[in-house]
Amino acid sequence: MISARAWDDARRLWGFQRMGHEARACSVAVGLGSHDLGVADTAVGLYRRGMMPLIVFTGATSRTTRERMPRGEAVHYRERALELGVPGAAVLVEPRARNTGENIRFSRAVLEEAGVDVSSVLLVSKPYEERRAYATARKLWPEVEIVSASTPMSLEEYVDSLQDAHLVFDMLVGAVQRLLIYPRQGFMISQPLPEDVKAAYERLKREGFTSRLVPGAPDGA
């Protein structure tokens, strides 16, 4: 049973992870592969609104997607977009990336090889990883403007979609830890954490929501 305090803390982390960017027209959308087909759906919705002429889906497989997406996350995302009516010529696939840094670097390479001029990117991710994706892209692709996007939904709606609150809380805690440790490793830009977010993060760790933490990494929170 998850306590009411833990739910409040998770909502605080959830809200912090959302960048609050307003979607606007960009050169291209990059959809980051994961277990969540909602990323593909959100990218398609933005395409239908005329926000970009081209989508790049990026991602290989991971331990959480190997069975559900055996052809690779990016390939399954592309298939979803085609099912929803996006023309094949408007979707590129980057099938090798296995982490967020590779998502950015390999997608950039695919676009360069295709001769696409990019000045701005709609970066589509899971709701609880908007901030991590943004910070990574700013580090690895600093010359373009990054606009973060994800499926507009509450923490409760996301938990209902996965039917596993403990896993979602674990992922939220892991996402915050990476914001703390990855800038020191050169993987992303640094972003300040408000004190209330740090406190919520520490409480959730103490309550055992730790399965998605990087083992042995001091976070300095």
Side-chain angles (χ1 to χ4, degrees), residues 1-21 31-39 42 59-69 73 97-103 123-137 139 148-221:
M1 193 70 179
I2 298 177
S3 69
R5 181 58 181 269
W7 273 99
D8 286 343
D9 286 337
R11 291 186 195 99
R12 194 171 301 277
L13 299 193
W14 180 268
F16 176 69
Q17 292 292 348
R18 310 300 288 271
M19 297 295 297
H21 292 173
L32 304 184
S34 72
H35 64 269
D36 188 352
L37 273 176
V39 173
T42 297
T61 58
S62 68
R63 59 190 175 94
T64 57
T65 62
R66 198 169 293 119
E67 293 186 4
R68 294 183 59 199
M69 300 179 181
E73 296 156 5
R98 296 187 180 278
N99 57 56
T100 307
E102 290 184 351
N103 287 141
L123 192 59
V124 187
S125 65
K126 300 186 293 294
Y128 65 87
E129 287 202 333
E130 270 195 37
R131 193 169 290 274
R132 174 184 174 183
Y134 172 82
T136 304
K139 178 72 176 182
S148 292
S150 66
T151 306
M153 62 197 313
S154 67
L155 171 63
E156 289 79 3
E157 289 170 332
Y158 197 76
V159 166
D160 285 345
S161 73
L162 293 188
Q163 291 295 300
D164 191 339
H166 204 289
L167 175 61
V168 174
F169 284 31
D170 284 348
M171 292 189 295
L172 281 166
V173 171
V176 171
Q177 184 205 34
R178 285 157 177 79
L179 294 178
L180 292 164
I181 66 175
Y182 281 0
R184 295 196 294 269
Q185 298 173 10
F187 297 155
M188 62 174 63
I189 65 167
S190 179
Q191 298 181 92
L193 259 67
E195 290 301 320
D196 61 336
V197 171
K198 290 181 183 178
Y201 165 71
E202 291 292 349
R203 283 192 295 266
L204 288 170
K205 282 201 301 182
R206 289 195 295 270
E207 291 205 29
F209 298 102
T210 58
S211 76
R212 293 305 175 101
L213 291 177
V214 177
D219 54 39

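The chain is numbered in sequence order, starting from 1.
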> Can Y201 and L180 be said to form a side-chain contact (heavy atoms from CB on, under 4.5 Å), step by step?
Replying inline: CA-CA 11 Å; Y201 165 71; L180 292 164; 3.8 Å; yes
If you round to the nearest 0.5 Å, how far is [atom2] of [Y] from [atom1] of [X]?
X: E156; Y: D160; atom1: CD; atom2: CG; result: 8.0 Å
X: L13; Y: Y128; atom1: CG; atom2: OH; result: 13.0 Å
X: K139; Y: Y182; atom1: NZ; atom2: OH; result: 15.0 Å
X: S211; Y: H166; atom1: OG; atom2: NE2; result: 7.5 Å
X: L32; Y: E102; atom1: CG; atom2: CD; result: 12.5 Å

Looking at [X] and [Y], what are the two nearest heavy atoms and their distance?
X: E130; Y: A149; result: OE2-C, 3.9 Å
X: R178; Y: M188; result: O-SD, 3.8 Å
X: E207; Y: A6; result: OE1-CB, 3.8 Å
X: M153; Y: R18; result: O-NH1, 3.0 Å
X: S34; Y: E73; result: N-OE1, 3.5 Å
X: L162; Y: M171; result: CD1-CE, 3.8 Å

With a 4.5 Å cut-off on side-chain heavy atoms, are [Y] and [X] touching?
X: V39; Y: T151; result: no
X: L213; Y: K205; result: yes
X: Q191; Y: Y134; result: yes
X: L172; Y: F16; result: no
X: H35; Y: K126; result: yes
X: R131; Y: M19; result: yes
X: F187; Y: T100; result: no
X: P127; Y: D36; result: yes

> Under a 4.0 Å N-O cut-off, is there an ion pair linking D8 with R11?
Replying inline: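 Looking at D8 and R11, the cut-off is met.
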>> Does V159 form a side-chain contact (heavy atoms from CB on, under 4.5 Å) with W7? I'd like the steps, not just the answer.
In response: CA-CA 11 Å; V159 166; W7 273 99; 4.0 Å; yes
> Pick from D196, V173, L204: which one makes a side chain to side chain contact (heavy atoms under 4.5 Å, CB included) with D9?
Replying inline: L204
>> Using the rule given for side-chain contact (heavy atoms from CB on, under 4.5 Å), can you reason through T61 versus R98, listing the C-alpha separation, both sets of side-chain angles and the distance that settles it, and then say yes or no?
In response: CA-CA 7 Å; T61 58; R98 296 187 180 278; 3.8 Å; yes
>> For a side-chain contact (heavy atoms from CB on, under 4.5 Å) check, start with the C-alpha distance between L123 and H21, then their side-chain angles and the critical distance, and finish with the verdict.
In response: CA-CA 11 Å; L123 192 59; H21 292 173; over 6 Å; no
> Is there a donor-acceptor pair under 3.5 Å between the side chain of S154 and the backbone N or O of E157?
Replying inline: yes
> Would you call the rings of W14 and Y158 parallel, tilted or perpendicular, where under 30° means parallel and over 60° means perpendicular?
Replying inline: tilted
